[in-house]
Amino acid sequence: MKRRTFVQKLCATSLLLGASPKLLQAQSMARITPATATPGFIPDIEILLRAEVGEAALRDGEPTKVWRFAGEIMKGPQESLQFLHGSEHIPIIRIRKGQKLRIHFENHLPEDSIVHWHGLNIEQRMDGHPMYAIPPGARYVYEINIENRAGTYWFHPHPHERTSFQVYQGLAGMLVVHDGEEEAAGLPDMAHEIPLMIQDRSFDDNNQLVYIGPMRHNWMMGFRGDYVLVNGRVSYARTVDRTAHRVRIVNTSNASLYHLRWSDGSPFTVIATDGGLLAQSREQATLTLGVGERVDVWVEFSGFQAGEQMHLLAESYTPSLQNITAEQGGADLQEGARPIASFQFSDQAPIQHAPPSHLSEQPVLAEREAVNIDSPRPIDIAMRRGSFYLNNRLFGAMQDVPEENKVKLGSTEVWEFSNDSSMGMGMGMGMGAMMQMAHPMHVHNVQFKVLSRTGTRQDDALHQRLRAGFTDYGLKDVVVVMPGERVRVLMKFENHTGIYLYHCHILEHEDLGMMQNYLIEA
Ligand code: C2O
Ligand code: CU
Ligand code: CU
């Protein structure tokens, strides 16, 4: 135990990162027995999910070596497991609320891994906390009661210090939950549902993925890609009918933030955020999506001509809010943004639909029930000694929970994330730039309500512009906290006790230790 703490400290303070064999060895000593199948658990859907080394066509030319999820349905309908349209390596799992899901996860990678089900309210042992990482060749059996409401969730590896690398290599998938309430709303589905996963990547001359080097500075800045891929493709395109569609958008990039709009200037009709459907749809001109965030939009294509095209345009930003798209220039730019997905209209006769006026009943999450409404639990973000700290701490030993990170099952709390960029002044120019970062903060096991966002720089046009695209409504599990901002969120700890995480979802930051355990106690 002592030795492990020492090795972790050593690693956290050294300038170089990456596979520290000592560290991996030390962690394997404390290995927890992987979960196996329970005879009493009768799954509705059972899947064999492998994480493996393979290749995929990400852009024209040579196939790219990737790490990928692949799998088979062992029980349940074939539609329960497919690849995203356009992709050869990004799965989408579909299930209904109330169903039981068993996943046999097999690690065929050359290193430890474990899968986290992002957004789910789930038992501790099924959450994919890094303490459960399994070695190459091992298997971990997930048995999950799907308790979440209909929504767009996702999954990705979560082994400590390797999450960023493994996701970058291609390991991510969508997890869509359906339910009766969603059906009653009568939303477009099947061929009229368009899941889009956004990720940025860089390639070498042989079409192979290029990731950032081991220098701490690069990790603090976060990975920035030269290309924005949708569903694993550079220049994603799809033919669609001229009717209403539901578009599910998820940002699973390592670090980049996107500011999205439609090429024809029409606003987005937002129908759902991270935790499912809103009560009513809302219109906004643009969408700003930090890492991990999801937005579902309703889009009506009936006004277009057959053969015509519409594009989803994106500007990408680094966590320090540099406009990558503008810097990269290039012929595909449209007024500072570039098309990342193109929709070409089929010659099917157009059919018009209006979004339903009522989408869903919002789960009750009452501010007056919060135990700490007048003194929100502070989560302070600060940079010191080449790392980002949460409440002055880096992620420590796997199972250690700081005394003040304990909450009560059944309680409702307000948390306040503060991205106080005034701290750590006088650290030199490079450091100064790093302070000014937007951090997408994520809490495991809950869906929260955003109560307030204050401190947005009034004098900064970019901050104002990005802020206009945030979807601070409905239920969320990630919220982007801009430099100087304080964001208060309300959440209730339900159904499960145990150790869960909260962290910055910039994967490089998370791996640098910008992550904390918290404990839900009975
Ligand atoms: Cu998608 Cu711990 O996160
Ligand atoms: Cu998560
Ligand atoms: Cu961060």
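Ligands are counted one by one from 1 in listed order, and the atoms in each one are counted from 1 as well. Owing to the predicted nature of the structure, the values given are computational and were not obtained by experimental measurement.
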Aromatic ring centroids of [X] and [Y] under 6.0 Å?
X    : Y    : answer
W117 : H129 : no
Y211 : Y168 : yes
H116 : H444 : yes

Report task. Please say whether the positively charged group of R384, taken as NZ for Lys or CZ for Arg, lies over the ring of Y389, i.e. under 6.0 angstrom from the six-membered ring centre and within 45 degrees of the axis. Result ->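 Pair R384/Y389 counts as cation-pi.
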**Report entry** Under 2.8 Å: N/O/S of H505 next to the Cu ion (ligand 3)
**Finding:**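 It does not; every qualifying atom lies at 2.8 Å or beyond.
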Query raised in the report: From atom 1 (Cu) of ligand 1 out to just under 2.8 Å, does an N/O/S atom of H156 turn up?
Result: yes
Requested in this report: Could you confirm whether H116 has any N/O/S atom lying under 2.8 Å from atom 1 (Cu) of ligand 1?
Outcome: no
Query - Mutual orientation of the aromatic rings belonging to Y142 and F105 [parallel < 30°, tilted 30-60°, perpendicular > 60°] - result: tilted
Report task. Nearest 10° is fine: what angle sits at the Cu ion (ligand 3) between ND1 from H509 and SG from C504? Result ->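 Angle ND1(H509)-the Cu ion (ligand 3)-SG(C504): 130°, rounded to 10°.
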Requested in this report: Take atom 2 (Cu) of ligand 1 as the vertex and measure to NE2 of H503 and NE2 of H444; round to 10°.
Outcome: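 Taking atom 2 (Cu) of ligand 1 as the apex, I get 110° for this pair.
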Query raised in the report: Has H158 got an N/O/S atom less than 2.8 Å from atom 2 (Cu) of ligand 1?
Result: yes
Query raised in the report: Which atom, counting only N, O or S, brings H118 closest to atom 1 (Cu) of ligand 1?
Result: ND1
**Report entry** For the Cu ion (ligand 3): the N/O/S atom of H439 at shortest distance
**Finding:**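 Result: ND1.
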Query raised in the report: Does the side chain of E293 come under 3.5 Å of the side chain of H442 through a donor N or O and an acceptor N or O?
Result: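 Distance-only check fails for E293 and H442.
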